[in-house]
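Quick note on labels: first sequence line is chain A, next is B, and so on, each numbered from 1.
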Amino acid sequence: MDKVIKLIKTFYKYTYYSKIFRDMMNFTRILALFVISLIIAFSVNLYLSAFINETIFIIVVVISTILAYHISFRYVFKEYNHYRTVDIDFNIKTVFYYLFVEAVILSYVMIRVYLHIKSFYI
Amino acid sequence: MNWLKDHYKSVILYIFIYIVLMFFFTYPMPISINLPGGVNNAMEFVEFETSYSSSGSFNSSYVSVVTKPSPFQFFLAKFNNKADIYKMSEAESKIPIEEIIKKDKLYKDSSIDKALIAAYDAASKNLSYTENGLIIIDRILDTPAYEKLAVGDIIVKINDTEIINYESVSNVLSEIGCNEPFYLTILRDGKEITFDIEKKENDYGSCLLGIYIDYTYTYYIFDEENSNPKFQVIDSSGYGPSAGLIQTLSIYNMLTPIDITFGLKIAGTGTIDENGNVGIIGGIKQKVFGACKANVDVFFAPDFDYGANGEYNNYKDAIKARDIMKSDMIIVPVKTLDDAINYLMENYGQSN
């Protein structure tokens with residue numbers, strides 16, 4: 001348990017402690033959600049039209065969420081660097097781990113919502 | 001803000017593209033698409049106190065229906081030779097999806113009731129039940145029934161006359177004149193409601209209340225305890241009446257000592273009535289595609305000509321679909337429950 005608390009504290013220190021990081025994450029989320037919503041709408045159509053099965057649909061949701069987060073953050077980071085000298089007071093490597101965790105949590109929530117909606121139609 | 005100044009044209013373009021794509025992926029079109037389905041085991045929806053086991057299986061076939069698909073799904077269906085696209089009328093396209101599901105569920109419940117009655121009768125077993133009213137599944141558009149009755153309502157009385165089934169409704173209504181008010185008593189969500197209503201003349205000069213026999217079914221109350229053998233419906237999931245024949249065969253097989261599956265994987269489609277008459281269904285092509293994929297041995301299909309000029313036939317369409325799949329599945333034409341039972345007995349019973 002102590003190890004977990006230490007990990008969380010380290011995570012926080014190298015990410016959310018930084019205001020720049022918090023700002024960049026907000027833009028990252030907005031951009032990622034646009035991308036994720038498009039990919040999911042596309043894959044829902046394929047799934048409902050029986051072009052892909054449920055397993056592939058779920059894999060697409062998870063992978064697209066993770067990729068969307070990473071690509072969005074990279075773009076936001078690049079644009080931030082272009083417009084101001086970003087004094088990096090957060091750890092990039094830790095950030096990418098954080099993005100992975102947030103993306104997985106979001107995917108899990110979306111899949112739970114999908115399964116809940118599906119249960120009404122069985 | 002500098003970023004927005006430099007990129008506003010790109011932002012507007014991307015937002016426009018996003019809106020167009022989301023429209024393409026989500027806008028509901030007034031059509032429905034039938035896609036290949038599959039088969040479900042139809043052996044486990046009812047339990048009997050004593051029953052006989054089977055070496056094979058009875059399976060209901062189903063079609064996947066996408067109602068009000070997006071333009072992208074319509075585009076995909078256009079290039080899928082196993083899909084059929086149907087235009088919905090303006091009235092149909094306004095029906096909420098929840099109501100469509102509710103109706104299909106009622107059709108399913110009605111199908112199970114009729115399957116029990118037909119199977120017990122065919123197996124010469126005693127099924128104890130009473131008729132207690134008429135359940136409304138749908139009403140004719142622009143009629144008094146459409147305005148005042150809801151899906152799932154049960155008609156129990158007209159004026160002072162108890163209603164037990166469609167025939168009793170029909171008999172009473174034939175005595176009531178056009179525009180003559182009368183009292184209708186219904187059960188809605190368990191509550192009894194009485195209101196006045198009248199038959200009205202439509203644009204074609206017919207005086208209607210708005211109830212049609214195919215949109216209703218008798219409210220049966222089964223006395224499971226006094227039936228022989230006793231039974232319990234354990235799974236009424238699923239939608240629509242098209243598994244009626246297979247459900248009946250499955251129940252019949254559980255009630256009789258001869259196993260009419262003969263080790264085969266049997267599927268089929270067709271509605272059933274209380275007298276064992278099979279009725280036509282929709283989506284036969286997609287059901288056959290699904291059955292072929294599931295390696296079904298024998299598939300029962302209703303053999304009736306229907307359509308304005310009798311140009312459609314479930315059995316003939318099933319043969320064509322089977323041939324597209326290049327499958328060895330045997331398609332058997334049936335008009336009654338007895339046709340299906342006799343086919344299995346005559347063709348597979350000898351070798352057993």
J.: Excluding sequence neighbours, so at least two apart, what forms side chain to side chain contact (heavy atoms under 4.5 Å, CB included) with B/E99?
T.: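 By the side chain to side chain contact (heavy atoms under 4.5 Å, CB included) rule, B/E99 matches B/I95, B/P96, B/K103, B/R139, B/V151.
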
J.: Does any backbone or side-chain atom of B/L35 lie under 4.5 Å from a heavy atom of chain A? Answer side chain, backbone, both or neither.
T.: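 Looking at B/L35, just its side chain touches chain A.
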
J.: Is the count of non-hydrogen atoms from other residues, nucleotides or ligands lying under 6.0 Å from A/N53 atom CG greater than 12?
T.: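 Yes, CG of A/N53 has more than 12 neighbouring heavy atoms, counting only those of other groups under 6.0 Å.
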
J.: If you count every heavy atom of other residues, nucleotides or ligands that lies below 6.0 Å from B/K316 atom NZ, does the total exceed 12?
T.: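 Counting neighbours around NZ of B/K316, 12 or fewer heavy atoms of other residues, nucleotides or ligands fall under 6.0 Å, so no.
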
J.: Using only non-hydrogen atoms and a strict under-4.5 angstrom cutoff, which residues of residues 30-38 of chain A touch chain B?
T.: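 Within residues 30-38 of chain A, the residues that come under 4.5 Å of chain B (heavy atoms only) are A/F34, A/S37, A/L38.
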
J.: In this structure, are over 12 heavy atoms from other groups packed under 6.0 Å from A/Y108 atom OH?
T.: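 No, not enclosed.
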
J.: Please determine whether the number of non-hydrogen atoms from other residues, nucleotides or ligands lying under 6.0 Å from atom CZ of A/F27 exceeds 12.
T.: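 Open: at most 12 neighbouring heavy atoms sit under 6.0 Å from CZ of A/F27.
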
J.: Within the supplied structure, the quantity of interest is the number of heavy atoms (other residues, nucleotides, ligands) at a distance under 6.0 Å from B/R188 CZ; does it exceed 12?
T.: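 Yes - once you tally the heavy atoms of other residues, nucleotides and ligands closer than 6.0 Å, there are more than 12.
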
J.: Has A/Y114 got more than 12 heavy atoms of other residues, nucleotides or ligands less than 6.0 Å from its OH?
T.: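 For A/Y114, atom OH is crowded (more than 12 foreign heavy atoms under 6.0 Å).
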
J.: State the CG-CD1 distance between B/L21 and A/I39, to the nearest 0.5 angstrom.
T.: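 Separation between the atoms: 11.5 Å.
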
J.: Roughly how far apart are A/F51 CZ and B/N80 CG, rounded to 0.5 Å?
T.: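 Here the interatomic distance stands at 5.0 Å.
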
J.: Crowded around A/F100 CZ? As in, over 12 foreign heavy atoms under 6.0 Å?
T.: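 Not buried by this count: 12 neighbours or fewer within 6.0 Å.
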
J.: At their closest point, which heavy atom of B/L76 faces which heavy atom of A/L46, and how far apart are they?
T.: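 Reported closest heavy-atom pair: CD1-CD2, 3.8 Å.
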
J.: Which of these passes side-chain contact (heavy atoms from CB on, under 4.5 Å) with B/F25: A/N45, A/I40, A/V44?
T.: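 When side-chain contact (heavy atoms from CB on, under 4.5 Å) is applied between B/F25 and each of A/N45, A/I40, A/V44, only A/N45 qualifies.
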
